[in-house]
Novice: 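Please see the structure below; I have some questions.
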Number of protein chains: 2
Amino acid sequence: MVTLADVARHAGVSASTVSYVLSGKRSISTATRERIQHSIDALGYRPHAGARALAGGRTSILALMMPLRTGLYLPVMMEIAMAVTTTARAHGHDVLLLTGEEGPEAVRRVEGSALADGMIVMDVELDDPRLPLLREAERPAVLVGLPADTTGLDCVDLDFAAAGARCVEHLASLGHRRLAVLGEPPAVYARGTGYAERTLAGIRAAAAAHGLDLLHRPVDGTYGAVAAAVTRIFEERPGTTGLVVQNEAAVEPLLAVLRHQGRAVPEDVSVVALCPDQVAAHASVPLTAVAVPARDLGRIAVERLVARLRGEDARGPELLAPHLTVRAGSGPAPTAPGDARGRD
Amino acid sequence: MVTLADVARHAGVSASTVSYVLSGKRSISTATRERIQHSIDALGYRPHAGARALAGGRTSILALMMPLRTGLYLPVMMEIAMAVTTTARAHGHDVLLLTGEEGPEAVRRVEGSALADGMIVMDVELDDPRLPLLREAERPAVLVGLPADTTGLDCVDLDFAAAGARCVEHLASLGHRRLAVLGEPPAVYARGTGYAERTLAGIRAAAAAHGLDLLHRPVDGTYGAVAAAVTRIFEERPGTTGLVVQNEAAVEPLLAVLRHQGRAVPEDVSVVALCPDQVAAHASVPLTAVAVPARDLGRIAVERLVARLRGEDARGPELLAPHLTVRAGSGPAPTAPGDARGRD
DNA sequence: TTGAAAGCGCTAACAT
DNA sequence: ATGTTAGCGCTTTCAA
């Protein structure tokens, strides 16, 4: 193994000079810097991560706590992880992958064993058991998500309330008067992750403001569950012409069910999705959607964390403004209400 | 920070004794062990990872190189990553997440900086540029996938040839004579990942052995691409009654297209999938499928890597036997060939 | 069964 | 602008 001492000897300088060339923490004459750099290249030197961590107190590693709930299949999570990893690399950091299942213990491990310089926590619950530890921790953390109490924490998330409202406003502007929401699976609401409720609140507020009729149904992302929910919706509210879906897995089943029931999108029913843009854009009918900006969330989380590592203070929660992209899935409310026999 | 020295002092023993209690590398009297353990708990001691890595030459970290190709369909990858992480933890290791995009450089980094004790490499190409480095590396590696030359490498993968054959045999046994394959996107074949070709080879061999007619179409996992492919298939081979789909993303679009064309599954067309069981089981028609055993692959990869770290030799490639689960999507070939006017 | 002590490779004062 | 040196916290000979 090539050590810093080897490089120093090869370049005819002291170890500290080599170290300072690497860190840039003090000025070095161009001549020696180049000589040292040459030795580094010639010997193929790489600093030993463990030695660095021990001596310098920095690991150049960011921990990422990711929910690995089996069965929950989540392109969003994956995309965030991707963005975190590439952004971290761009800032000279590596990423240590932790499962959310380990809970608070993972936080203790990272802290106690100095495994990482800071952590990014995904899938934060409103009253997450990891929060107290994170608040006390030596190392900074950035949450992707919005807990109930954000005191002393850095958080990034989509403004789901505004996103929900945006969906409703789009449908309202197209003349739809009767809407239904296909929400996340019941388990998500039960778990208290917050974003589902925030979305719903935004949707309800906007619907109320526009005087719209609204029905909300949590659904599992299976064809059967979606079919049942859709059928009931049209039974209970025959005049429904606008649907909002907040459930990646339900998007395609929903379109299949509508097709099967002979409801044309967007002629009979307009559909607006709240999901990653990719999912909406590549659906069997490209859907108008408010994007969940997974990549941005991951990137911003890392940028904030890196800023904290540079000594900046926590900036509190940051909610990203929603962006709606109009696609083929939404259009004007039908004027001759084909399905609206039961209306009123 | 609580150090090993603190624990030693608190317990009234030497540092080495504490170290040996932790590692179990020499026998300690029960009395002192308990005293030390008590001190460890009382002080909340955690060994410093960097110091350990430096002194012991072991990081207790496994590197996982994961393809983060945006747009590449990911649940399988995600599931493997999950299994890797949980299995690694069960063996006392953490996981460092690397992007495949970094290529060979990532291997050099892990090696040169001693970031991990070994690595697991996913998404291996037939002639992967990382292979030469991995062969020479000090630290062991396990590949998930099967490169062209496996000399000196540990690999785990599904036996895709057998899996493909299994799909065909199932359809043959149900009396289907004319089959079509919806394969991975063209890009996957182009990239030379191997498994797609191996599957196809297995399918072709089995079809030949049973004297079956066969058509193969790579497809992108979008509704449009699938619709076009399916339409062409039935135009070119009107008597087709069996479909094999090896493309997670195409499963739901395929079923939608068939529904839309009025072809009942399995009455008119039987569909067999080669994808994670979850996807097949939760499709709008539960599909008969050969499962891609993502969890097993991840788990076995870690187990092999850990074995290597204990000093065991590479065992070469291990191909998991395919398992087919029969579900609603496949049934006997239609006897009154509704669509078979063009047959022969 | 336990202790003492020499590093592991690097960083960051403290010198010059 | 560069060198000297004292650790960082742990593992592991070597000794007892």
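As the structure is a prediction and not an experimental result, all values here were calculated from the model. Every chain is numbered from 1 and lettered A, B, ... according to where its sequence line falls, protein lines coming before strand lines. The basis for the numbers below is simple: all heavy atoms, side chains too, and nothing from hydrogens, waters or symmetry mates.
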Novice: Can you sort out which residues in residues 38-57 of chain A have a heavy atom within less than 4.0 Å of DNA chain D? Ascending by number, please.
Specialist: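 Here the set is A/Leu54, A/Ala55.
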Novice: Return the minimal non-hydrogen interatomic distance between A/Ala116 and A/Arg139, and the atom names on each side.
Specialist: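 Looking at all heavy atoms of both residues, the shortest contact is O-CD, 2.9 Å.
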Novice: CG of B/Asp154 to CD1 of B/Ile300: how many Å apart, nearest 0.5 Å?
Specialist: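 If I round to the nearest 0.5 Å, the distance is 11.5 Å.
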Novice: Could you tell me which non-hydrogen atom of A/Leu22 sits nearest to which non-hydrogen atom of A/Tyr45, and how far apart they are?
Specialist: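 So the two residues come closest at CD2-CE2, 3.7 Å.
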Novice: Kindly say whether B/Asp6 contributes a backbone atom to a donor-acceptor pair with the side chain of B/Thr3 at under 3.5 angstrom?
Specialist: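 Confirmed, B/Thr3 side chain pairs with B/Asp6 backbone.
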Novice: Can you pull the contact range of chain A along DNA chain D, 5' to 3', using atoms under 4.0 angstrom from its heavy atoms?
Specialist: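 Using the under 4.0 Å cut-off, the span is D/dA1 to D/dG9.
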Novice: Using the test salt bridge (Lys or Arg N to Asp or Glu O under 4.0 Å), find all partners of A/Glu105 that sit at least two apart in sequence or belong to another chain.
Specialist: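 Expected list: A/Arg108, B/Arg46.
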Novice: Please determine whether the number of non-hydrogen atoms from other residues, nucleotides or ligands lying under 6.0 Å from atom CG of A/Asp149 exceeds 12.
Specialist: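 Result for CG/A/Asp149: enclosed.
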Novice: Sub-3.5 Å donor-acceptor pair from the side chain of A/Ser19 to the main-chain atoms of A/Ala15, do we have one?
Specialist: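 No, because the side chain of A/Ser19 does not come within donor-acceptor range (under 3.5 Å) of the backbone of A/Ala15.
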Novice: Indicate the atoms forming the closest heavy-atom contact of A/Ser113 with B/Pro47, along with that distance.
Specialist: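 Taking A/Ser113 first and B/Pro47 second, the nearest heavy atoms are OG-O, 3.0 Å.
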Novice: Would you mind writing out the side-chain donor-acceptor pairs for residues 55-62 of chain A within the sub-3.5 Å range, not counting sequence neighbours?
Specialist:
{"residue": "A/Arg58", "atom": "NH2", "partner": "A/Leu309", "partner atom": "O", "Å": "2.9"}
{"residue": "A/Thr59", "atom": "OG1", "partner": "A/Ile61", "partner atom": "N", "Å": "3.0"}
{"residue": "A/Thr59", "atom": "OG1", "partner": "A/Asp117", "partner atom": "N", "Å": "3.3"}
{"residue": "A/Thr59", "atom": "OG1", "partner": "A/Asp117", "partner atom": "OD1", "Å": "2.8"}

Novice: Expected output is a numbered-order residue list: members of residues 6-23 of chain A with a heavy atom under 4.0 Å from any atom of DNA chain D. What is it?
Specialist: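 Here the set is A/Gly12, A/Val13, A/Ser14, A/Ser16, A/Thr17.
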Novice: Is any NZ, NE, NH1 or NH2 atom of the basic residue among A/Asp123 and A/Arg191 found under 4.0 Å from an Asp or Glu carboxylate oxygen of the other?
Specialist: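 Yes.
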Novice: Are A/Arg89 and B/Glu101 ion-paired here, with the side-chain N under 4.0 Å from a carboxylate O?
Specialist: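 Here A/Arg89 does not pair with B/Glu101 in a salt bridge, since their nearest N and O are not under 4.0 Å apart.
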Novice: Of all nucleotides in DNA chain C that come within under 4.0 Å of a heavy atom of chain A, which is furthest toward the 5' end and which toward the 3' end?
Specialist: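 Here the contact window of chain A covers C/dG9 to C/dC14.
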Novice: Is the side chain of A/Asp41 donor-acceptor paired with the backbone N or O of A/His38 at a distance under 3.5 Å, no angle test?
Specialist: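 No, because the side chain of A/Asp41 does not come within donor-acceptor range (under 3.5 Å) of the backbone of A/His38.
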